[in-house]
Number of protein chains: 2
Amino acid sequence: MSIKRKTKSLSIILSIFENRDAALSVVDLVEELKGDMNKTTVYRILERLENEGTIHSFSGTNGLKWYAKCHQCSSGHHNDVHPHFECKDCGKVECLEVNISIPNFENRNIYTADILLKGQCTDCLS
Amino acid sequence: MSIKRKTKSLSIILSIFENRDAALSVVDLVEELKGDMNKTTVYRILERLENEGTIHSFSGTNGLKWYAKCHQCSSGHHNDVHPHFECKDCGKVECLEVNISIPNFENRNIYTADILLKGQCTDCLS
DNA sequence: AATATATTTGCAACCAAGTTGCATTAACGA
DNA sequence: TCGTTAATGCAACTTGGTTGCAAATATATT
Ligand SMILES: [Mn+2]
Ligand SMILES: [Mn+2]
Ligand SMILES: [Zn+2]
Ligand SMILES: [Zn+2]
């Protein structure tokens, strides 16, 4: 089901992603929006925005769910296939716009590659 | 804390991994061992075997925890750094003994790369 | 073999992330 | 402004995983 109505909650979440490059964990987002909207609403809006091709999700450490804005995606096609990076010092999570080549396997078909890199980000390199 | 005593529960879990190449999700293992031991015991033994370097863990889809046996690891050093593969048809999860090269980044230090490949396994290629 | 001691286990309660059902509220086209 | 229908809040639930503590068990000592 696509989004039909422009509600207050929707535009709040939308503007958060518009003004932000780094990814955002759902847990943090729910916390940040406490008072503005219910956590169920947060989950539902994120799900719809992902279907729409506005944001994409991936798993961080411990399987926590993260979202980041998409670049050239639509509801039909998601282009945001790239590794994600998690800084072990400050906890920041970012999309890396690089291509990591996955070898071909004789006896398997690979459809997707979820890659989570961990290390120190620019700010934390010191 | 290292394992001090060879108990029944420990050897059950140990033999399961010895006789198995594919990875095993904790959820499935707990289910399989229902009747033999408590789930808390399963979690604790897995944790100890991982510290010991006998098995290693990683996250599958939805952040579910999986374990597979190690090859040349010890409590000090884990060599099992490799991608994991999850078959979207039969659900089987395997360790892939290949090296996927991660590029160097100017402004970041990468320490680890968690890679989860998804596709069709040999059996499911048909 | 009996005892002492320390580790392991079971159990029940808990926690955190995420989901669901349903009644209420709010967008928005007519 | 009204009626329809989508969006929301809320409480209850589910699932994977953790914790505290008392009871059980493995092993060392006598
Ligand atoms: Mn991304
Ligand atoms: Mn492995
Ligand atoms: Zn950082
Ligand atoms: Zn398969």
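Side chains are part of it too, since the values below use all heavy atoms of this structure and drop only hydrogens, waters and symmetry mates. All chains are named by letter (A, B, ...) in the order of the sequence lines, taking the proteins before the strands, and each is independently numbered beginning at 1. If you're wondering where the values come from, they're calculated on a predicted model, not measured in any experiment.
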Does the pair Ile102(B) and Ile115(B) meet the rule for a side-chain contact (heavy atoms from CB on, under 4.5 Å), with working shown? CA-CA 11 Å; Ile102(B) 306 297; Ile115(B) 302 180; 4.3 Å; yes
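In this structure, the CG atom of Leu10(B) is 13 Å from the P atom of dG10(C), given to the nearest Å. Rounded to whole angstrom, the span from the CD atom of Glu31(A) across to the C1' atom of dG18(C) amounts to 16 Å. Here dC11(C) presents its P atom at 14 Å from CG of Leu33(B), a figure rounded to the nearest Å. Atoms CG (Asn38(B)) and P (dA22(D)) sit 17 Å apart, rounded to a whole Å. With rounding to whole Å, Lys39(B) atom NZ is found 10 Å from dC14(C) atom C1'. One can place NZ of Lys34(B) at 11 Å from P of dT15(D), the figure rounded to the nearest angstrom. Separating the CZ atom of Arg48(B) from the P atom of dA26(D) is a distance of 13 Å, rounded to the nearest angstrom. Taking atom CG on Leu46(A) and atom P on dT8(D), their separation rounds to 11 Å, with Å as the unit.
Between the CZ atom of Arg44(B) and the CG atom of Leu49(B) there is a distance of 14.0 Å, given to the nearest 0.5 Å.
Within the 4.5 Å cutoff, side-chain heavy atoms of Ser9(B) are placed close to those of Ile45(B).
Residues passing the side chain to side chain donor-acceptor pair (under 3.5 Å) test with Glu32(A): none are found, sequence neighbours excluded.
Phosphate contact (OP1/OP2 of dA7(D), side-chain N/O of Thr41(A), threshold under 4.0 Å): absent.
In terms of heavy-atom proximity, Gly91(B) sits nearest to Glu86(B) at O-CG, 4.5 Å.
Using a 30° and 60° split on the angle between ring planes, Phe58(B) and Trp66(B) fall in the parallel class, below 30°.
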Readout for nucleotides 23-30 of chain C: B = base within 4.0 Å of protein heavy atom, S = sugar-phosphate only, - = neither; 5' to 3' it is ---BBS--
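The side chain of Thr40(A) lies closest to dT20(C) when the candidates are dG16(D), dT19(D), dT20(C).
Among the heavy atoms of the strands lying under 4.0 Å from Val27(A) are primed sugar atoms or P, OP1, OP2 only; no base atom is included.
Side-chain atoms of Ser25(B) and Asp28(B) include a donor-acceptor pair closer than 3.5 Å.
Under 3.5 Å, the side chain of Lys65(B) and the base of dG16(D) form no donor-acceptor pair of N or O atoms. Side-chain N/O atoms of Arg44(A) and base N/O atoms of dG18(C) include no donor-acceptor pair closer than 3.5 Å.
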